[in-house]
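Everything on this sheet refers to the single structure shown next.
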Amino acid sequence: MQDVTGQLSSEPEKLRLQLTQILVLASRIHQALEVDTPLEELPGWRELAGKPERLIMHQDKPCLVSVIFGPSGSGKSTIFHLLTGIDVPRGETRRPMTRNTVAAIPRVLQEVVDLNALFPGFTAFPLTDHSVLENAPFSGSLFYYAFYDQMDACLAWLILVDVPDFNTVERQNWDKAEKMLRRSETVIFVVHPEAYKDEAVVSQLHACCCHAGFLAYVLTKVPSENAFSTAEEIWRDLMKFVKHDPRFQATRADGRTAETFLESAVAYFAPRSSSLNIQQIQPMHAGSPDFTSLLKGHSGIQIYWSNLLETAGSGISSVALLAESALETQRSLEQALELVEGRLSMVGQRIAGLQFPAGELVETIIQTIKTSRPRWLRMISLPLSSVAGLFSSTKALLARLRSRDHKQMLKDRAVLEKERLIEAVEVLVAQWRSDFSSESMHGLLKVDNCRRVVAAFAEKQLPEPHSEWKKAIHQDVQRWVQKNPWYGSVLGTLSEMLVLLGGAALVLDLAFSGGLTHLGVGAAAGAGSVGAGTVLKLFEELKMKDILEKADRKWRTQRAHELTDHLRKHLADPLVGNAWRDKLNKIIAADPSACLRACESLRTHWMTGK
């Protein structure tokens, strides 16, 4: 056993703060992850959770908790009395004698220790009438306490707990005893030769080996003649017995089996005596500490710190795994939300890029020209010779546009967007169900939930386009007027174009005859869209091609954002986004990275001796 007393006893408050920080962070992470497994079921958590309250120092001495455990008639109450001077029910004729738990507290700790915090899950009551230990109604959640004067010059304060006797009749005592067992630094398992292999005794010994931090096995009432050899023989027989008992092959939280843990226990024996004293409790094996040192001397302190770190180590590992799981969940949620957003953006861009409000653009240009021409030029309406060629070419293009069934190219924007969004939504949901198969089976993307959200989305009104894209070209048109003053007289041509384009209410369907793979007026024209090609040529003749292309870019960018926002707000968020972001924000707030750093710091500073 490595001696860590010097390092730890000098800085217990620092260790307490680190443990408390880890416990707080772990609780937040567990809550944020919303896992079904209770936090208490994490390996080592129960042991870890009680550590901060156990780090009690007074007058530079630690407070050690030992629990005396064993069947009735074993002499454990006698040992309790010898160590504390407190009378508890003792006897060998009527069993079980002790029905309720009693704790002996050094009087010097009376104003120091909060017993309810020191023993979580229990309620402490002062012991005013010793008969309550034998006759009071059984209660698994309370214990009685009494103060005693610890006069010897030991290195630690001993808080000694006598738990209820157990036997095959009163099984209700077992739960109370095992509950207190989890709290102790050292378990003193007391048994006599006639009972050491009884089923009830072996069962409780197994419980001690699974949960105790350190075990002292005390064999009492050994026949005085050849007591040492008799005790050794019983110990060897016990070890042989548990080796073939499958219960003792169970793995503890620290990775050891119950059998291996029992092998590491310190074994003691005491001869049968009418007046037993502490000095008669002797170790069976050379090198073992004497009984008093084990409880409140150097050996006890070393066991205290070593067990604290050992049992904490299992809990720290579990917390670190929990934090790593949270970070992985955080990354998965971030990636999932990014994928969802990417698919939304693609849909918004495609729908926006497969239409163009050519009529609204022409109307904007007409209004800007009217307000931008010099006042004297506004009176001129006849074409001049310098623009005669322009009128000839634009009239031919308008005639060409008129000769086509241009009504098929023009659609009501709201109707066209609605149709394409509904089609896209079906594809989106199918893609998400494929992307996140686990959610499709039992989570947010179940069929019924998807149908409900899609149906609600279909009822939502599309947002009207903002006017920013038109404002972006206002100055460009003004500069065009200044640069081409005589071209301002082509209002009649533009007005006719506006009529042919259906006014500001309709948009040019760039997918009509141009396919679904090219976005924007220029790309659609290049792909063979007659409407897009004709409009592009008209603007080229009017020397407004740059204005058209800028308007197209601004429109596509703006409308894509608006449609993406609409899809996010009314489809993705109700379906998965709100729930995922809420969980992600909780995980981020729980700060699993800080928890991992705290675990590593504790391991580095305390568990490796650095």
Side-chain angles (χ1 to χ4, degrees), residues 28-36 321-355 417-460 462-463 511 515-520 523 553 555-593 595-596:
R28 292 175 182 171
I29 292 169
H30 184 268
Q31 184 176 7
L33 287 176
E34 300 174 350
V35 293
D36 295 331
L321 288 174
L322 182 70
E324 289 171 357
S325 174
L327 286 173
E328 179 59 33
T329 301
Q330 178 180 331
R331 287 189 289 268
S332 296
L333 287 171
E334 289 170 343
Q335 292 169 0
L337 289 168
E338 184 178 350
L339 179 57
V340 167
E341 186 66 22
R343 295 201 184 280
L344 293 178
S345 181
M346 287 178 61
V347 170
Q349 291 174 21
R350 181 152 298 278
I351 293 177
L354 289 175
Q355 61 181 352
E417 287 182 336
K418 191 78 169 182
E419 291 175 352
R420 287 182 174 161
L421 276 176
I422 294 301
E423 293 172 356
V425 162
E426 296 295 334
V427 176
L428 270 176
V429 172
Q431 288 176 328
W432 291 338
R433 283 175 54 80
S434 176
D435 294 334
F436 314 110
S437 56
S438 60
E439 293 282 10
S440 301
M441 297 296 295
H442 308 291
L444 299 170
L445 292 170
K446 292 187 295 185
V447 173
D448 291 346
N449 193 42
C450 290
R451 288 175 178 170
R452 177 184 59 79
V453 174
V454 169
F457 177 84
E459 299 298 321
K460 300 296 181 182
L462 293 178
L516 291 170
T517 59
H518 298 81
L519 304 182
R553 291 193 303 271
W555 160 262
R556 281 187 284 127
T557 300
Q558 175 189 306
R559 194 55 181 161
H561 284 311
E562 292 168 344
L563 294 177
T564 300
D565 290 344
H566 181 73
L567 284 164
R568 184 189 307 108
K569 180 178 179 181
H570 299 295
L571 179 70
D573 282 357
L575 201 55
V576 292
N578 289 335
W580 287 352
R581 272 191 296 273
D582 180 63
K583 186 171 184 177
L584 176 60
N585 290 335
K586 288 179 180 178
I587 292 175
I588 292 173
D591 204 351
S593 295
C595 186
L596 274 179

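These values consider heavy atoms only, across backbone and side chains, with no hydrogens, waters or symmetry-generated copies.
- Side-chain atoms of Thr557 come within 3.5 Å of backbone atoms of Arg553 as a donor-acceptor pair (strictly under, hydrogens ignored).
- Checked against side chain to side chain contact (heavy atoms under 4.5 Å, CB included), Glu341 has the following partners two or more places apart in sequence or in another chain: Leu344, Thr564, Arg568.
- Contacts of Glu417 classified as side-chain hydrogen bond (donor to acceptor under 3.5 Å, both in side chains), with partners at least two apart in sequence or in another chain: Gln355, Arg413, Arg559.
- For Ala572 against Trp432, the heavy-atom pair with the smallest separation is CB-CH2, 3.8 Å.
- The environment of CD in Glu34 is crowded: more than 12 heavy-atom neighbours from other residues, nucleotides or ligands sit within 6.0 Å.
- Leu421 contributes atom CG, which lies 5.5 Å from atom CG of Leu567 (distance to the nearest 0.5 angstrom).
- Within 6.0 Å of atom CD in Gln431, more than 12 heavy atoms from other residues, nucleotides or ligands are found, so the atom counts as buried in its surroundings.
- Residues Ala326 and Pro592 come closest through the heavy atom pair CB-CB, 3.8 Å.
- Legend: salt bridge (Lys or Arg N to Asp or Glu O under 4.0 Å) pairs involving residues 428-444, not counting sequence neighbours, sorted by first then second residue: Arg343-Asp435.
- In terms of the side-chain hydrogen bond (donor to acceptor under 3.5 Å, both in side chains) criterion, residue partners of Glu334 (sequence neighbours excluded) are, by chain and number, Gln330.
- When the side chain to side chain contact (heavy atoms under 4.5 Å, CB included) test is applied to Glu328, the partners found at least two apart in sequence or on another chain are Arg331, Ser332.
- With sequence neighbours left out, the side-chain hydrogen bond (donor to acceptor under 3.5 Å, both in side chains) criterion links Arg451 to no other residue.
- For Trp580, the ring pair (Phe, Tyr, Trp, His ring centres under 6.0 Å) test picks out Phe436, with sequence neighbours left out.
- In this structure, Gln335 CD and Glu338 CD are separated by 7.5 Å, a value rounded to the nearest 0.5 Å.
- For His570, the side chain to side chain contact (heavy atoms under 4.5 Å, CB included) criterion is met by Phe457, Lys460, His566, not counting sequence neighbours.
- Residues Ala424 and Val347 come closest through the heavy atom pair CB-CG1, 3.6 Å.
- To the nearest 0.5 Å, the span separating CG on Asn578 from NZ on Lys569 amounts to 11.5 Å.
- Contact check for Leu571 versus Val453: side-chain heavy atoms found under the 4.5 Å cut-off.
- Judged as a side chain to side chain contact (heavy atoms under 4.5 Å, CB included), and not counting sequence neighbours, the contacts of Ser345 are Gln349.
- Pro463 is not listed as a side-chain neighbour of Asp565, based on a closest heavy-atom distance of 4.5 Å or more.
- Closest non-hydrogen pair, Cys450 versus Val429, comes out as SG-CG1, 3.7 Å.
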Report, one line per pair, each donor and acceptor closer than 3.5 Å where one atom sits in a side chain of residues 583-590; sequence neighbours left out.
{"unit_1": "Lys583", "atom_1": "NZ", "unit_2": "Leu33", "atom_2": "O", "d": "3.4"}
{"unit_1": "Asn585", "atom_1": "ND2", "unit_2": "Arg581", "atom_2": "O", "d": "3.1"}
{"unit_1": "Lys586", "atom_1": "NZ", "unit_2": "Asp582", "atom_2": "OD2", "d": "3.4"}

